[in-house]
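Contents: one structure, followed by commentary.
Chain letters run A, B, ... following the sequence lines, proteins first, then strands; residues in each count from 1.
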Amino acid sequence: MVEWPTTAAEAIAVQEELRGLVEVADVGAPARYVAGLDVAYDRDRLAAAVVVLDAATLGEVDRAVVLGETTFPYIPGLFAFREIPSLLTGLERLTVRPGLLVCDGQGLAHPRRFGLACHLGVLTGIPSIGVAKTTYVGTHQELGHERGTTADLVDGDEVVGAAVRTQDGVKPVYVSVGHRVTLATAVAHVLRLAPAYRLPETTRLADRACRAGLRDG
DNA sequence: GCGACAG
DNA sequence: ATCTTGTCGC
């Protein structure tokens, strides 16, 4: 890691510096391999998981689980600094190169427009999206009850993401662009990755993998 | 100043 | 994130 902060002020400075590198456009061929990333904690111990699925079949093709210790506290807005070091190690250990990173958290739907998904995308160059279970910034209109319904997530005068109903009647998930992808593409990916449950399969498998890693790691 | 605040 | 029983619904 070339530049890694130890204080909140330094971390914010890093975000301000890197935010200009985010590309909001579909870059590269449609992803064949899609990775889900998540981290679980137990006090100061952590387990980071990266699980790669075949985009067409949703079958698992690779995974990496990294055990480590926390090096940065959880601070809303600076969440990425807590998770990125071990997630990057996990990505390095993969034998395939994912064409899309599905992150557990926000991308552009962040106070400085540089959430975890943007940060990971910029650092790796891999297209990335954020899928969060709750909003952080932004509000949206009520959305329809059916799977596939969406509503813009608006913060100030900007559309920073979308609320997406992935199953009939379930709470929406909040999707935002991380890097090298458009919001429309991000939403399409999330719906394809969530054929049966509220959360994308990538997220579900990464969640299981990191919890298991903590448990018997 | 006060509260809210991704995981 | 994590702590945690029962409960509502298919």
Side-chain angles (χ1 to χ4, degrees), chain A residues 8-9 11-12 14-15 18-19 22 35-51 65-88 90 101-123 128-140 145-147 153-156 158-164 166-179 183 186-187 190 196-200 202-217:
Chain A
I12 290 172
V14 169
Q15 293 181 328
L18 297 181
R19 59 184 291 187
V22 170
L37 305 89
D38 195 16
V39 182
Y41 300 87
D42 176 37
R43 302 288 184 171
D44 285 344
R45 290 201 315 131
L46 64 78
V50 182
V51 179
V65 178
V66 175
L67 299 178
E69 298 191 343
T70 57
T71 59
F72 204 91
Y74 169 65
I75 302 173
L78 302 178
F79 171 54
F81 295 92
R82 184 171 173 79
E83 307 218 326
I84 282 184
S86 45
L87 287 176
L88 285 180
L101 305 180
V102 180
C103 306
D104 204 3
Q106 319 288 350
L108 290 175
H110 173 279
R112 285 173 293 282
R113 306 293 182 259
F114 199 71
L116 171 66
C118 300
H119 206 143
L120 220 34
V122 165
L123 258 32
S128 65
I129 68 176
V131 180
K133 302 172 205 64
T134 62
T135 55
Y136 181 17
V137 298
T139 57
H140 63 86
H145 182 276
E146 323 73 40
R147 162 180 158 85
L153 223 207
V154 180
D155 186 35
E158 299 177 61
V159 173
V160 297
V164 179
T166 54
Q167 299 297 325
D168 293 355
V170 305
K171 290 189 303 181
V173 295
Y174 301 91
V175 179
S176 57
V177 168
H179 185 54
L183 182 56
V187 170
V190 169
Y197 297 95
R198 177 187 178 226
L199 297 177
T202 37
T203 301
R204 301 181 71 242
L205 290 174
D207 184 73
R208 284 199 332 185
C210 65
R211 290 197 198 201
L214 252 198
R215 177 169 54 71
D216 43 59

Report the distance from atom [atom1] of [X] to atom [atom2] of [N], rounded to the nearest whole Å.
{"X": "A:R45", "N": "C:dT2", "atom1": "CZ", "atom2": "P", "result": "12 Å"}
{"X": "A:L214", "N": "C:dT2", "atom1": "CG", "atom2": "P", "result": "7 Å"}
{"X": "A:Q106", "N": "B:dC5", "atom1": "CD", "atom2": "P", "result": "13 Å"}
{"X": "A:Q167", "N": "C:dG9", "atom1": "CD", "atom2": "P", "result": "20 Å"}
{"X": "A:L37", "N": "B:dA6", "atom1": "CG", "atom2": "P", "result": "20 Å"}
{"X": "A:D168", "N": "C:dG9", "atom1": "CG", "atom2": "P", "result": "18 Å"}
{"X": "A:D42", "N": "C:dT2", "atom1": "CG", "atom2": "C1'", "result": "9 Å"}
{"X": "A:D104", "N": "C:dA1", "atom1": "CG", "atom2": "C1'", "result": "10 Å"}

Given C:dA1, B:dC5, B:dG7, which nucleotide is nearest the side-chain atoms of A:R211?
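Out of C:dA1, B:dC5, B:dG7, the nucleotide with an atom closest to A:R211's side chain is C:dA1.
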What's the shortest heavy-atom distance between A:A80 and A:P85, and which atoms?
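Smallest interatomic distance, heavy atoms only, reads O-CD, 4.4 Å.
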Answer with base, sugar-phosphate or nothing: what part of the nucleic acid does [X] contact at a heavy-atom distance below 4.0 Å?
{"X": "A:I75", "result": "nothing"}
{"X": "A:L78", "result": "base"}
{"X": "A:A109", "result": "nothing"}
{"X": "A:F79", "result": "base"}
{"X": "A:G130", "result": "nothing"}

Please determine if a side-chain N or O atom of A:Y74 lies less than 4.0 Å away from the OP1 or OP2 oxygen of B:dA6.
yes
Distance check: side-chain N/O of A:T134 vs OP1/OP2 of B:dG7, anything under 4.0 Å?
yes
Side chains of A:E83 and A:L46: closer than 4.5 Å at any heavy-atom pair?
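Not touching, per the 4.5 Å side-chain cut-off.
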Could you tell me if the side chain of A:D104 sits less than 4.5 Å from the side chain of A:K133, heavy atoms only?
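Side-chain contact under 4.5 Å: yes.
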Just do the ring-ring contact (aromatic ring centres under 6.0 Å, His included) check on A:H119 and A:F81 with the steps written out, would you?
CA-CA 9 Å; A:H119 206 143; A:F81 295 92; 5.2 Å; yes
Does A:R45 reach the main-chain N or O of A:L214 with its side chain, forming a donor-acceptor pair under 3.5 Å?
yes
